[in-house]
Every structure is written in structure tokens, then in C-alpha cells.
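Heavy-atom basis, side chains included; hydrogens, waters and symmetry copies ignored. Position 1 is the first residue of the sequence, and the numbers go up from there.
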Amino acid sequence: YGPRGSMSQGCEVCPLGRWTGSNTGTSGVPYAAFGEQCNPCPAGKAGKAGSPGQCVECTSSMGVAPTPGLLSCQSCGDVSPGTIYQTPTTCQACAPGRSPSSSFETCEACDEGKYSPDGTPCKICPAGRAPNAANDRCDLCPIGQKKAEGEAVCSVCNAGTISTLLRDVCTTCVTGRVAPNAEMGVCEDCGPGKAALDKASACADCGKGKFSGAFADECSTCASGQYQ
């Protein structure tokens, strides 16, 4: 701005975030004893690094200026997490199951195995749970499946094992029990005359001359003089 009055004074530049342009409803602040007032940059505009005394309009690649007098446009990620650029002064929220792109210009669907309940950055579900179809919440893995901490999706347990109640691991059937189908959710009991020779298969019948009690992993041979 230029000097006023009888004193001789060189021109000075308004500081960053201010200019000599108008800003309706905002009172200017004198920058020197004599001269034009330096008004704060209006909302929607902000100072530009290396260009004091200028206000530039905020764009989607720059961010927003929700209040007057900002030194630079602000990222929507800093103004309000889970939002993207809408206008030079406002940000808009992403829908559940989506989150802002790295540039905060668009909302993107969560990657596989991640969810977002409120449009904030997507994150991995805790152990035993995986995102629903909308990626806006975590649901318990189905019976016979598990998901360890850090894994993205639920996986089917191997035959001979079943998932725990928390669905975070698969466990091997205990003595005398089998799980030929992991999705059964429980290990089958082998009754008398049968044995769990292979926990991934069905209970096997003991052959002639052999027997077993309940919950056996193998069949025993009848003693001499006895039969089965």
C-alpha cells in the first residue's frame, strides 16, 4: 500500500494472510502508522507463501479457508477428519464405508479387509471379525472360520479343526473327536466301538477282534480268549 500524510514513507507490503482488498464485515488492521489498511483475506481465500499481500482462492488441491485471515488454505483432513473438499470454505463428510483420498478431493471405498463407520480413515477389523458388505462395521467371522490379528479376511479352518467362539484361531479336535467339515463348528464325538483315527475324517468303526471305549483315538485288540 502507499503512504498517506505529510511524512515521507516507503511502500510496505501487507503481511501474509492480509491484503488491501475489501472484506465485507471485517475490520481492517493498520500495518503501519501511515497507509492503507491491510484487511484479513476473506473466508475462501488465504495467503500464499512467497507472495505477501496477496490472497488466493482455495481450490480442491489446496484445501479450504473456513475463516478469514488464514495464512494458507487448510487440508480438510486437518479441518475435520473424514471430510473432503466441497467449496473454498467448506468440507463435506464421506459416507460410512468410504474414506478421504490422500488429496482429500474424493471419497474412496475402503480396501478389502478394512472398514469405516463414519467416513474417517479406513482401518482393519480386530481379530475374529471382518467387514460387512458395506464396509461400515465389523461382523464376527462365520462358524468354522477364523481371522487372526492383522489379517484382512476370514479363512476356513482346516478339516480336523474348528474355530473358537472368538473366531480368532482354529483348534484341533481333542481325543476321540473328529471334524471332517470345519463349518460344522463342533467336533463329533466317537462312541464305543469307534475311534478318531484321523481327526479330519469321520469316526472309524473298529474291525473284528478290536474294541474301543468312548472318545478313543485308536482301537484296542481283544485279549486272548475274548472277541468283539
Side-chain angles (χ1 to χ4, degrees), residues 77 80-84 93-102 104 106-228:
S80 180
T83 63
I84 61 170
C94 288
R98 304 177 70 85
S99 66
S101 63
S102 58
F104 297 98
T106 60
C107 294
E108 299 177 342
C110 293
D111 293 334
E112 183 182 43
K114 293 186 176 183
Y115 77 106
S116 174
D118 53 9
T120 53
C122 302
K123 51 190 176 183
I124 294 179
C125 290
R129 294 179 176 272
N132 63 346
N135 292 329
D136 59 3
R137 71 169 188 268
C138 295
D139 290 340
L140 192 67
C141 291
I143 293 175
Q145 298 186 27
K146 63 88 180 177
K147 188 178 84 67
E149 193 69 46
E151 292 180 341
V153 297
C154 302
S155 57
V156 178
C157 295
N158 295 326
T161 66
I162 59 170
S163 57
T164 60
L165 290 176
L166 296 179
R167 311 286 200 274
D168 54 347
V169 295
C170 296
T171 59
T172 302
C173 294
V174 298
T175 300
R177 292 173 172 83
V178 296
N181 181 359
E183 295 183 358
M184 293 165 42
V186 295
C187 297
E188 289 184 335
D189 297 334
C190 291
K194 295 185 177 183
L197 303 180
D198 180 355
K199 295 187 181 299
S201 303
C203 297
D205 290 324
C206 294
K208 289 182 178 182
K210 294 189 175 184
F211 71 98
S212 73
F215 315 129
D217 275 343
E218 60 182 17
C219 297
S220 301
T221 301
C222 294
S224 178
Q226 296 181 335
Y227 71 94
Q228 178 67 33

Heavy-atom pair with the smallest gap, counting every atom of [X] and [Y]:
{"X": "Ser99", "Y": "Cys122", "result": "OG-SG, 3.3 Å"}
{"X": "Gly213", "Y": "Ala216", "result": "O-CB, 3.8 Å"}
{"X": "Glu149", "Y": "Pro126", "result": "OE2-CA, 4.1 Å"}
{"X": "Cys219", "Y": "Ala195", "result": "SG-CB, 3.8 Å"}
{"X": "Val186", "Y": "Ala179", "result": "O-CB, 4.5 Å"}
{"X": "Ile84", "Y": "Pro100", "result": "CG2-CB, 3.8 Å"}

Between side-chain atoms of residues 154-166 and protein atoms elsewhere (two or more places apart, or another chain), which donor-acceptor pairs fall under 3.5 Å?
unit_1 : atom_1 : unit_2 : atom_2 : d
Thr161 : OG1    : Asn158 : N      : 3.3
Thr161 : OG1    : Asn158 : O      : 2.6
Ser163 : OG     : Gly144 : N      : 2.9
Thr164 : OG1    : Arg167 : N      : 3.3
Thr164 : OG1    : Asp168 : OD1    : 3.0

Could you walk me through whether Val178 and Cys203 satisfy the side chain to side chain contact (heavy atoms under 4.5 Å, CB included) test, starting with their C-alpha distance in whole Å, then the side-chain angles of each, then the deciding distance to 0.1 Å, before giving a yes or no?
CA-CA 7 Å; Val178 296; Cys203 297; 3.8 Å; yes
To the nearest 0.5 Å, tell me how far [X] [atom1] sits from [Y] [atom2].
{"X": "Asn135", "Y": "Cys125", "atom1": "CG", "atom2": "SG", "result": "8.5 Å"}
{"X": "Lys210", "Y": "Thr221", "atom1": "NZ", "atom2": "OG1", "result": "4.5 Å"}
{"X": "Thr172", "Y": "Arg177", "atom1": "OG1", "atom2": "CZ", "result": "13.5 Å"}
{"X": "Arg98", "Y": "Thr106", "atom1": "CZ", "atom2": "OG1", "result": "8.0 Å"}

Under 3.5 Å, side chain of [X] to main-chain N/O of [Y], donor-acceptor pair present?
{"X": "Asp217", "Y": "Gly176", "answer": "yes"}
{"X": "Lys199", "Y": "Val174", "answer": "yes"}
{"X": "Lys147", "Y": "Arg129", "answer": "yes"}
{"X": "Glu151", "Y": "Ala148", "answer": "yes"}
{"X": "Ser212", "Y": "Gly193", "answer": "yes"}

Would you say that more than 12 heavy atoms from the other residues, nucleotides or ligands in this model lie under 6.0 Å from the CD of Glu108, or not?
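More than 12 within 6.0 Å, yes.
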Evaluate the side chain to side chain contact (heavy atoms under 4.5 Å, CB included) criterion for residues Asp189 and Phe215: first the C-alpha distance (whole Å), next the side-chain angles of each, then the deciding distance (0.1 Å), finally the verdict.
CA-CA 6 Å; Asp189 297 334; Phe215 315 129; 3.3 Å; yes
Residue pair Ser116 / Asp118, side-chain heavy-atom distance below 4.5 Å:
yes
